[in-house]
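Notes for the one structure printed next.
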Protein chains: 2
Amino acid sequence: MATIYDVARLAGVSPATVSRVFNGVGVSEEKVAAVRQAAAQLKFFPNRTARTLRRQSSEVIALVIPDIENPYFTEMARGVEDVASEAGFSVVLCNSDAQVEKEQTYLRIAIAEHMSGVILAAASDRTSLEEIMAAGRPVVAVDRGTGYDIDGVVMANRDAGRSATEQLIEAGYSRIAHIAGPEHIETAVERVDGWRTALAAHGLPADPGLLRFSSFRVDGGREAMEELLALPEPPDAVVAGNNLIGVGAIQVLTEHGLTPPAMGVAVVGSLPFTTLSPSVVTVVRLPARHMGVTAARMLLDRIGGDDQPARTIVLRNEIQAATVSR
Amino acid sequence: MATIYDVARLAGVSPATVSRVFNGVGVSEEKVAAVRQAAAQLKFFPNRTARTLRRQSSEVIALVIPDIENPYFTEMARGVEDVASEAGFSVVLCNSDAQVEKEQTYLRIAIAEHMSGVILAAASDRTSLEEIMAAGRPVVAVDRGTGYDIDGVVMANRDAGRSATEQLIEAGYSRIAHIAGPEHIETAVERVDGWRTALAAHGLPADPGLLRFSSFRVDGGREAMEELLALPEPPDAVVAGNNLIGVGAIQVLTEHGLTPPAMGVAVVGSLPFTTLSPSVVTVVRLPARHMGVTAARMLLDRIGGDDQPARTIVLRNEIQAATVSR
DNA sequence: ATGAAAGCGCTAACAC
DNA sequence: GTGTTAGCGCTTTCAT
């Protein structure tokens with residue numbers, strides 16, 4: 001690999017001048033030409049590691065998410081990436097696999113690699129940001145809060161849980177179960193809250209047996225749905241706590257010949273790649289891409305030196321109601 | 001941020017000793033203890049940028065894929081990640097968005113950031129690897145070949161196309177269309193080949209109107225399926241060139257009241273998050289995770305200095321036939 | 001506008 | 001086993 005010195009020698013200038021050419025500051029026309037020509041000839045690309053070491057910062061941001069196989073997060077990632085690359089930043093995607101330890105490792109890498117900032121969908125409410133905050137790197141929380149006083153972008157989760165439930169009530173269902181995500185994740189708890197609120201508002205029972213905490217994954221949805229169906233008095237409808245739970249629940253229902261709307265189904269989150277007709281399942285669409293875009297903008301602002309007090313932005317959902325009921 | 005010098009001073013040793021402690025070479029028990037204690041107190045983490053600059057290599061590999069929203073690639077990413085992190089490497093995921101220019105940018109970043117190697121699912125047959133190869137960084141191709149003499153892991157695409165088609169033939173369909181991926185992508189072309197072969201072997205027509213080149217995405221599948229249905233003489237079955245095309249095609253069929261098996265459907269690739277019964281659609285399962293695992297192992301071997309001639313590994317598929325026909 | 005030179009934080013010879 | 005020291009390739013004062 002050619003260095004700045006090789007280019008300088010070939011172009012007959014100093015290393016400093018080569019650096020200036022690549023950083024767009026005042027250099028005379030002729031020298032610019034000479035340097036560019038020499039660089040091309042040597043296939044020179046500036047060594048980013050050296051630049052980062054010298055500058056103590058790099059145009060890279062980290063996006064840490066708990067499940068790279070969940071389309072909700074990849075859609076968000078696209079939003080982040082579009083904004084970041086527009087601004088000349090690269091995004092490195094880190095999959096914490098919902099484990100606090102892995103997450104911690106990635107946060108340390110972000111510090112140690114001089115990344116400019118982090119967008120984080122926390123693995124749990126036990127996530128620690130001490131180190132990264134001590135390092136002075138800006139962090140924006142997405143999807144879930146963190147317990148720290150930092151910027152954040154979240155969905156209107158209570159609303160989402162409530163609307164999903166209300167749609168089922170309006171469609172005439174009355175024994176409405178809820179398969180929620182893990183109890184230690186904020187979004188899950190808030191959606192449960194919405195489900196409770198809606199039931200209470202309509203004088204329906206929130207039978208504890210109808211609430212299942214599960215994982216935010218397909219198998220979690222499957223297991224919980226099986227349990228619900230095995231109940232002495234099964235529900236006649238179910239609210240799925242996220243997209244993957246929805247997929248799992250519907251799979252099980254299909255296997256039992258209870259394809260919606262035989263049993264009512266409402267899902268918080270878009271159904272990824274569904275082949276179902278949109279008329280049979282109520283979906284509360286969560287603007288994942290928009291969340292990514294917003295978070296990236298906030299982070300870039302912070303990187304740019306913005307130091308106003310921390311803000312949290314709550315994104316509104318869009319409901320897409322089933323038109324068919326049983 | 002504390003440096004190695006700060007730690008050395010506090011622990012009463014030389015910077016070199018601190019370095020040794022963090023790199024696991026012979027240091028006396030007491031000094032190790034002193035250094036660890038000092039490091040903890042100062043919240044010291046080794047600066048990776050500096051280490052990378054010095055060592056001229058970093059324990060990071062890049063995984064460049066054309067569509068981060070496609071579960072096929074994220075599943076593969078998990079495989080890569082599992083192997084890599086086991087070996088102490090981090091993976092940075094780069095989304096080329098199927099654009100050769102973006103891909104080129106990421107490859108340059110990989111060079112400039114001293115990453116140890118790259119796993120690449122090429123955006124197109126025009127992908128250039130000149131620079132990265134000149135930089136001496138190992139590259140392993142996945143999913144698609146590259147036209148360069150490098151290691152690769154690919155699926156048995158012809159087989160996949162052929163098996164998918166034959167399943168439909170055996171189920172009694174005779175006018176079998178194929179919605180393929182882009183014509184400039186190897187995997188797409190090979191699957192077309194398999195489709196042709198199967199039809200020929202059974203004396204069925206490969207009507208040119210029944211072959212549609214499209215994008216490897218849901219909307220590509222949708223458009224092509226609409227076109228096929230609008231034909232004066234529409235097909236009675238269709239082979240989808242990948243998972244997302246399959247989703248799009250089935251969506252359109254459902255909207256037209258032609259849910260499989262009213263029209264036969266076979267998909268090359270697993271249907272992500274499907275809520276359909278497995279009995280109605282034939283699926284050729286592609287071992288995406290395994291592909292990632294294999295590629296990561298090959299890359300790590302190369303990084304470790306392995307210099308045997310380039311190998312290409314072809315992964316076998318598993319067919320999961322529909323049990324219901326019309 | 002340009003060059004000389006210092007130094008970012010770490011590692012790896014090389015001495016002892 | 002441990003310390004000294006010279007860079008890795010770049011940016012950035014400070015002179016000129």
Q) Taking atom P of D:dT4 as reference, at what distance in whole Å does atom CZ of B:R9 sit? A)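 Value for this atom pair: 13 Å.
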Q: Could you tell me whether B:D151 and B:R302 have a side-chain N and a carboxylate O separated by less than 4.0 Å?
A: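 Salt bridge present between B:D151 and B:R302.
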(Q) Any carboxylate oxygen within less than 4.0 angstrom of a Lys/Arg side-chain nitrogen, looking at A:E131 and B:K43? (A) no
Q. What string of B, S and - do you get for nucleotides 3-12 of chain C, 5' to 3', when a contact is any protein heavy atom under 4.0 Å?
A. BB-BBBBBBB
Q | Pairs satisfying salt bridge (Lys or Arg N to Asp or Glu O under 4.0 Å), at least one member in residues 14-41 of chain B, at least two apart | A |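 Applying salt bridge (Lys or Arg N to Asp or Glu O under 4.0 Å) to every pair that reaches into residues 14-41 of chain B, excluding sequence neighbours, yields nothing.
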Q. Just by distance, with hydrogens left out, do A:T49 and A:T52 show a side-chain donor and acceptor under 3.5 Å apart?
A.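 Checked: A:T49/A:T52 side chains show no N/O donor-acceptor pair below 3.5 Å.
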Q. Picking from B:I313, B:V83, B:D306, B:I303, what satisfies side-chain contact (heavy atoms from CB on, under 4.5 Å) with B:M298?
A. B:I313
